[in-house]
Amino acid sequence: MITGAAVLGAILVGVVITSATPWPSAMVIRAVFEKGGTATAAETQEYVPDTPLRTMSDIAYADDSPDTTLDVFTPAAAGDRLPAIVWIHGGAWISGSADNVAPYLKILAGGGYTAIALNYSVGPEEVYPTAVHQINTALDYITAHADQLGVDTDRMVLAGDSAGAQLASQLATIVTNPDYAHLLGIQPALTPTQLVGVVLDCGVYDLRAMADLNGLVAWGLKISLWAYTGTKDWSAEYSGATMSTIEFATADFPPTFISGGNGDGLTWLQGIPMAQRLNELGVDVTPLFWPAQHEPALPHEYQFHLHYPEAREALAQTQAFLDRITAG
């Protein structure tokens with residue numbers, strides 16, 4: 001989670017670094033993202049209610065990487081399995097952790113959900129589609145340990161912010177489009193009936209559109225994608241094509257809550273086009289966007305900045321969406 005100003009600051013520093021690999025610039029961008037993510041989590045923590053929660057931390061869902069862990073938050077008084085929100089953190093595919101979204105998930109858990117924050121491997125240490133396979137493995141682990149984790153496996157929601165929203169949309173597409181799952185060589189851990197909804201905040205869904213960006217912010221995003229995919233030509237290769245879920249979503253895509261801030265360029269380039277595409281397919285879509293002239297201009301991942309009334313509205317609408325799709 002990071003503001004546009006912080007991203008720009010990272011890029012201004014990183015733009016002076018030239019290299020035949022993405023590593024030097026990616027490390028600069030990562031450092032700034034990590035600082036911003038920590039600060040935003042601390043800010044969000046102020047809004048966590050006093051609801052007693054049962055917390056399970058650093059659970060290994062696979063044994064082949066130290067990155068593959070998850071944290072679980074569920075109401076302490078709950079005696080039964082609850083609908084589960086599986087949240088994939090953002091960080092431009094090269095940074096971030098479950099800790100960044102933990103306070104927000106505690107808020108959601110307080111509403112009667114088992115909220116699960118996933119860690120996964122980021123670039124450039126690991127490259128695409130490693131994270132996609134890991135998240136699918138996490139979903140398999142969650143369903144296999146549903147009693148221990150307090151998860152109703154017939155009422156599961158995938159959610160994510162920024163790069164995490166891209167990954168959430170990708171897993172949802174894997175679950176609901178067999179041809180796409182075959183293309184990625186993945187056996188979905190969930191069935192379409194188990195996945196009752198998706199929450200997509202400030203995500204990326206069309207990599208070809210990203211390739212057409214210009215300017216400093218575009219430079220930073222392209223560096224991140226180079227680091228994550230392992231290729232500078234991601235837009236013309238397998239990674240760029242298969243990450244573009246706007247091309248592979250079908251009418252079977254789950255009910256979707258999708259939002260973005262009007263001060264975030266990704267909203268206009270990614271969020272709104274994705275919402276329109278899902279509407280065209282006949283998917284149950286709950287969009288939350290603001291006019292371009294709205295004041296204040298809401299930044300990337302505004303949802304976590306709960307001092308904004310608009311962020312509190314987004315939270316309320318997210319909770320209402322979750323209540324609706326998990327009812328019954």
Side-chain angles (χ1 to χ4, degrees), residues 2 4 7-8 10-33 65 67 88-96 120-136 160 162-174 177 179-186 200 202-249 264-271 273-274 277 300:
I2 192 164
V7 172
L8 183 59
I11 293 167
L12 287 171
V13 174
V15 75
V16 301
I17 301 173
T18 59
S19 174
T21 79
W23 276 81
S25 297
M27 294 303 100
V28 172
I29 296 169
R30 175 184 291 178
V32 179
F33 267 68
S65 170
D67 302 326
I88 307 167
H89 70 78
W93 305 279
I94 63 170
S95 69
Y120 55 92
S121 296
V122 298
E125 289 86 351
E126 298 289 344
V127 296
Y128 179 82
T130 298
V132 180
H133 286 269
Q134 289 174 338
I135 295 167
N136 191 60
S162 194
Q166 185 277 323
L167 284 161
S169 75
Q170 200 165 6
L171 269 296
T173 307
I174 288 169
N177 183 345
D179 292 337
Y180 181 69
H182 175 73
L183 189 62
L184 271 72
I186 293 179
L200 305 177
C202 305
V204 172
Y205 319 102
D206 183 355
L207 272 289
R208 291 184 176 87
M210 299 293 286
D212 294 334
L213 286 172
N214 293 301
L216 294 177
V217 172
W219 178 88
L221 290 168
K222 290 175 182 179
I223 287 290
S224 297
L225 282 163
W226 180 11
Y228 176 64
T229 63
T231 174
K232 198 171 186 177
D233 298 323
W234 47 266
S235 64
E237 296 186 8
Y238 161 84
S239 52
T242 55
M243 286 175 68
S244 298
T245 52
I246 197 169
E247 302 289 344
F248 294 96
D264 179 5
L266 292 180
T267 295
W268 309 102
L269 192 69
Q270 301 287 330
M274 183 64 166
R277 175 59 181 157
H300 186 59

- request: Would you give the length of the straight line joining atom CD1 of Ile174 to atom NE2 of His133, rounded to the nearest 0.5 angstrom?
  value: 7.5 Å
query: Under 30°, 30 to 60°, or over 60°: which ring-plane class applies to Tyr120 and His89, parallel, tilted or perpendicular?
result: parallel
Residues Met243, Leu225; criterion side chain to side chain contact (heavy atoms under 4.5 Å, CB included); working and verdict: CA-CA 11 Å; Met243 286 175 68; Leu225 282 163; 3.9 Å; yes
field: Nearest-0.5 Å distance, OH of residue Tyr228 to OG of residue Ser95
entry: 12.5 Å
query: Going by atom types only, do Thr245 and Gln166 share a side-chain donor-acceptor pair under 3.5 Å?
result: no
- prompt: So which heavy atom on Leu200 is nearest to which on Ala168, and how close?
  reply: CD2-CB, 4.0 Å
- prompt: Does the side chain of Glu247 reach to within under 4.5 Å of the side chain of Thr242, using non-hydrogen atoms?
  reply: no
- prompt: If you take all heavy atoms of Ala241 and Arg208, which pair is closest and at what distance?
  reply: CB-NH2, 4.0 Å
message: Ser25 vs Trp219, test: side chain to side chain contact (heavy atoms under 4.5 Å, CB included). Steps then yes/no.
response: CA-CA 10 Å; Ser25 297; Trp219 178 88; 3.5 Å; yes
message: For Trp23, is there any backbone N or O sitting under 3.5 Å from a side-chain donor or acceptor partner on Thr21?
response: yes
- prompt: How many angstroms lie between atom OG of Ser169 and atom CE of Met274, to the nearest 0.5 angstrom?
  reply: 5.0 Å
field: Beyond-backbone contact of Gln270 with Met210, side-chain heavy atoms, under 4.5 angstrom
entry: yes
Minimum heavy-atom distance Ala165-Gly203, with the two atoms named: CB-CA, 3.6 Å
query: Phe248 vs Tyr180 aromatic rings, parallel, tilted or perpendicular, using cut-offs 30° and 60°?
result: tilted
task: Hey, could you give me the CD1/CE distance between Ile223 and Met27, rounded to the nearest 0.5 Å?
output: 11.0 Å
query: Would you find a donor on one side and an acceptor on the other, under 3.5 Å apart, between the side chain of Ser162 and the backbone of Gly164?
result: no
message: With rounding to the nearest 0.5 angstrom, report the NE2 to OG1 distance, His300 to Thr267.
response: 8.5 Å
- request: Determine whether Val127 and Thr229 make a side-chain contact, defined as any pair of heavy atoms from C-beta on separated by less than 4.5 Å.
  value: no
- request: Provide the closest heavy-atom pair for Gly220 versus Ile29 in the form atom of the first, atom of the second, distance.
  value: O-CD1, 3.8 Å
Heavy-atom closest pair, residues Ile94 and Arg30: O-NE, 2.6 Å
field: Any donor-acceptor N/O pair, Ser244 side chain to Leu207 backbone, under 3.5 Å
entry: yes
message: Under the criterion side chain to side chain contact (heavy atoms under 4.5 Å, CB included), I'd like the reasoning laid out for Asp67 against Glu125: C-alpha separation, chi angles, the key distance, then a yes or no.
response: CA-CA 11 Å; Asp67 302 326; Glu125 289 86 351; over 6 Å; no
- prompt: To the nearest 0.5 Å, how far apart are OG in Ser239 and OH in Tyr128?
  reply: 7.0 Å
statement: Between Ala131 and Ser121, the two heavy atoms sitting closest are CB-O, 3.7 Å
